[in-house]
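Here the structure is laid out as structure tokens; the discussion comes afterwards.
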Amino acid sequence: MSAVSDPSGTQSDPFQIVSGHLGKVIRVLEAVGLSLEGVRDISREVLELSPDERFTESAKIISKRVLEPSDLDSDVRAELADQFDGDVSDVMESLLPMWIQTMEGHKEQVQRDILDLLVKSRENDLDALAMAVFVERWLGAFETAYEQQAADGNLKLALSVTLALNSRFLEIVENDVAEFSEEFLRDIVRSDYYLDRIYDESSTPHPDTLSKQEIEGRIRLHGAVLAYQQRDISLNRGAELAGISRSQFEGALLEAGSQPRHGPVDEPLFDENEPWF
Amino acid sequence: MTLRSPLVLDNVVLSSFKTAGWFESLAFPRPEYEIVVPEVIWKREFAVQWTVDESPDWIRLESSDSELVSDVPGQLSRADWTCIAIAEDEHGTVVTNDRALRNRCRARGVEVRWGTKFMIRIFKECGISQQEYDEGVDDYLGDVYLPREKQRKVREQTK
């Protein structure tokens with residue numbers, strides 16, 4: 001097969017892209033009175049939990065921290081404690097919309113940069129796909145938490161998923177990792193599994209029952225579908241990224257509500273004046 | 001735009017003709033135009049999907065060792081790039097229904113034609129009979145995803 005390369009020798013990788021956005025995320029947190037040190041402490045505490053606890057119970061850590069010393073600016077804490085009387089759902093009512101609005105912009109920019117990377121390079125495919133899916137799931141978790149709060153639903157579960165993904169993100173950018181760990185990849189699939197439970201769906205098998213290869217396969221597929229939906233890549237490239245056949249990838253696209261981009265669309269099917277045989 | 005030989009077919013075109021029962025009709029443009037398929041497409045995709053061994057004698061399987069340069073190497077698969085490389089090496093025409101591959105061919109100045117227009121040309125010039133067309137067109141459209149209005153027009157084609 002012929003080889004193809006980028007003459008500019010673009011060297012950016014998904015980790016550089018993500019790290020570059022950390023500063024913006026921190027400013028969001030600071031805007032609501034959370035210190036980076038406080039966020040680090042919360043994240044460490046979250047990551048020490050078992051996977052099941054991390055994704056279902058870690059929201060308790062937020063309510064504990066909102067009411068207790070050290071992580072919040074004291075004036076902010078006092079105001080929150082007075083205003084919300086210790087109920088985390090009241091706290092979230094004001095914080096979630098602001099987080100979502102700010103994160104939406106970052107999510108679009110991070111995903112744009114990550115997906116551009118997939119088009120401009122043939123290296124680090126799995127890392128770029130994993131980060132694209134992670135960002136999608138991360139914002140999805142915030143939005144689910146907002147919906148659950150508005151619907152008086154399972155806010156604790158949705159917040160726990162959000163916090164679990166948040167904590168993993170911070171771990172990656174703060175530890176300057178060179179490649180994504182298996183735990184990072186599993187957390188992406190865990191977010192699907194636990195968010196499915198909020199909607200009483202069971203399309204995602206329990207991540208602990210999946211092999212590393214199966215986890216990677218799911219992420220490749222979801223990432224490839226995202227890339228096809230948001231970038232002008234060929235169907236064969238989507239299949240290549242997903243590690244499956246073209247017809248299997250077509251099926252996945254259709255299941256995701258997207259159509260393969262075939263043509264012609266705007267041209268006439270037959271033109272007597274067009275030179276052919 | 002002059003149609004140039006060889007005609008380099010991608011797997012979307014191969015598959016759609018096979019699905020519709022028109023596979024042998026791909027030989028219609030010969031002998032004026034050679035039919036070329038990248039070897040990687042035949043061996044790793046088409047032959048696997050359709051459980052065939054040998055390629056027919058009217059198809060030339062080809063590979064390319066060309067090192068292509070592009071600022072968007074990740075836009076296409078390696079097999080797609082091989083279609084472009086062969087067409088560039090031999091001054092031929094890529095035949096595909098994939099929009100991204102078509103766009104990249106045009107950006108590189110490679111002659112390219114839509115697979116569906118190629119199919120209709122073969123049909124109108126009697127490489128596919130009306131009966132074969134009527135019997136196969138729904139299967140063809142099950143393999144090539146076109147807007148409803150275009151599907152209707154494909155179904156309505158006559159000689």
Side-chain angles (χ1 to χ4, degrees), chain A residues 1-10 114-125 128-129 224 227-228 231-251 253-254 258-277, chain B residues 1-3 10-12 15 28-29 32-33 38-40 45 48-49 63-82 84-86 89 96-104 113-118 120-122 124-125 143-147 150 153-154 157:
Chain A
M1 262 192 296
S2 59
V4 58
S5 59
D6 168 20
S8 71
T10 305
I114 294 282
L115 294 176
D116 279 348
L117 189 64
L118 275 172
V119 174
K120 291 177 184 170
S121 169
R122 298 189 67 85
E123 296 172 10
N124 300 321
D125 282 1
L129 291 169
Y228 190 85
R231 285 294 176 275
D232 184 28
I233 64 169
S234 71
L235 202 61
N236 288 329
R237 176 59 171 157
E240 189 179 66
L241 288 170
I244 56 180
S245 71
R246 177 186 59 87
S247 57
Q248 287 173 321
F249 186 66
E250 282 176 359
L253 281 178
L254 293 170
S258 296
Q259 278 230 329
R261 287 187 293 269
H262 287 166
V265 175
D266 299 322
E267 295 175 32
L269 290 170
F270 179 74
D271 178 356
E272 279 184 0
N273 298 319
E274 191 173 25
W276 275 88
F277 312 124
Chain B
M1 274 195 315
T2 308
L3 189 69
D10 80 346
N11 61 344
V12 178
S15 168
F28 178 78
E32 290 81 8
Y33 297 88
E39 190 170 18
V40 62
E45 297 178 27
V48 171
Q49 181 182 357
S63 58
S64 173
D65 294 326
S66 296
E67 176 82 25
L68 300 181
V69 173
S70 171
D71 58 353
V72 286
Q75 182 189 25
L76 307 178
S77 70
R78 292 190 194 282
D80 292 331
W81 283 114
T82 304
I84 289 179
I86 294 170
D89 289 346
T96 179
N97 281 320
D98 188 282
R99 279 190 244 166
L101 176 53
R102 174 183 169 82
N103 290 342
R104 191 46 43 194
R113 297 298 171 92
W114 286 115
T116 297
K117 294 179 79 166
F118 173 68
I120 288 174
R121 273 286 168 170
I122 292 175
K124 284 192 180 290
E125 298 195 18
D143 208 53
V144 179
Y145 296 87
L146 297 173
K150 272 290 187 281
K153 289 183 177 175
V154 170
Q157 294 294 316

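Just so you know, these numbers come straight off a predicted model, no measurement behind them. Order of the sequence lines sets the chain letters (A, B, ...), proteins ahead of strands, with each chain counted from 1.
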query: In a check of side chain to side chain contact (heavy atoms under 4.5 Å, CB included) between His262(A) and each of Thr96(B), Val12(B), Thr116(B), which one passes?
result: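 Output: one option passes, namely Val12(B).
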query: Quick one: do Asp116(A) and Arg231(A) make a salt bridge, cutoff under 4.0 Å?
result: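 Here Asp116(A) pairs with Arg231(A) in a salt bridge, since their nearest N and O are under 4.0 Å apart.
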- prompt: Salt bridge or not for Arg102(B) and Glu267(A), using N-O below 4.0 Å?
  reply: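 Between Glu267(A) and Arg102(B) there is a salt bridge, with a charged N closer than 4.0 Å to a carboxylate O.
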Sort [X] into side chain, backbone, both or neither according to what part of it lies under 4.5 angstrom from a heavy atom of chain A.
X         : answer
Ile120(B) : side chain
Glu39(B)  : neither
Phe118(B) : both
Asp143(B) : both

message: If the condition is side-chain hydrogen bond (donor to acceptor under 3.5 Å, both in side chains), which residues does Arg246(A) pass it with, not counting sequence neighbours?
response: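 With neighbours one apart ignored, the set is Glu250(A), Ser15(B).
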field: Counterpart residues, side-chain hydrogen bond (donor to acceptor under 3.5 Å, both in side chains), relative to Asp80(B) (two or more places apart)
entry: Ser234(A), Asn236(A), Ser77(B)
query: Would Leu101(B) and Ile84(B) satisfy side-chain contact (heavy atoms from CB on, under 4.5 Å), going step by step from the backbone distance to the final call?
result: CA-CA 9 Å; Leu101(B) 176 53; Ile84(B) 289 179; 3.9 Å; yes
field: Phe249(A) and Glu240(A), any side-chain heavy atoms less than 4.5 Å apart
entry: no
If I measure from the heavy atoms of chain B, does [X] come under 4.5 Å with its side chain, its backbone, both, or neither?
X         : answer
Leu118(A) : backbone
Asp271(A) : backbone
Gln248(A) : neither
Leu254(A) : side chain

task: Sort out for me which of Gly74(B), Gly115(B), Pro38(B), Ala100(B) touches chain A most, counting heavy-atom pairs under 4.5 Å.
output: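 The candidate making the most pairs under 4.5 Å is Gly74(B).
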statement: Counting heavy-atom pairs under 4.5 angstrom with chain A, the leader among Arg121(B), Lys150(B), Gln75(B), Lys117(B) is Arg121(B)
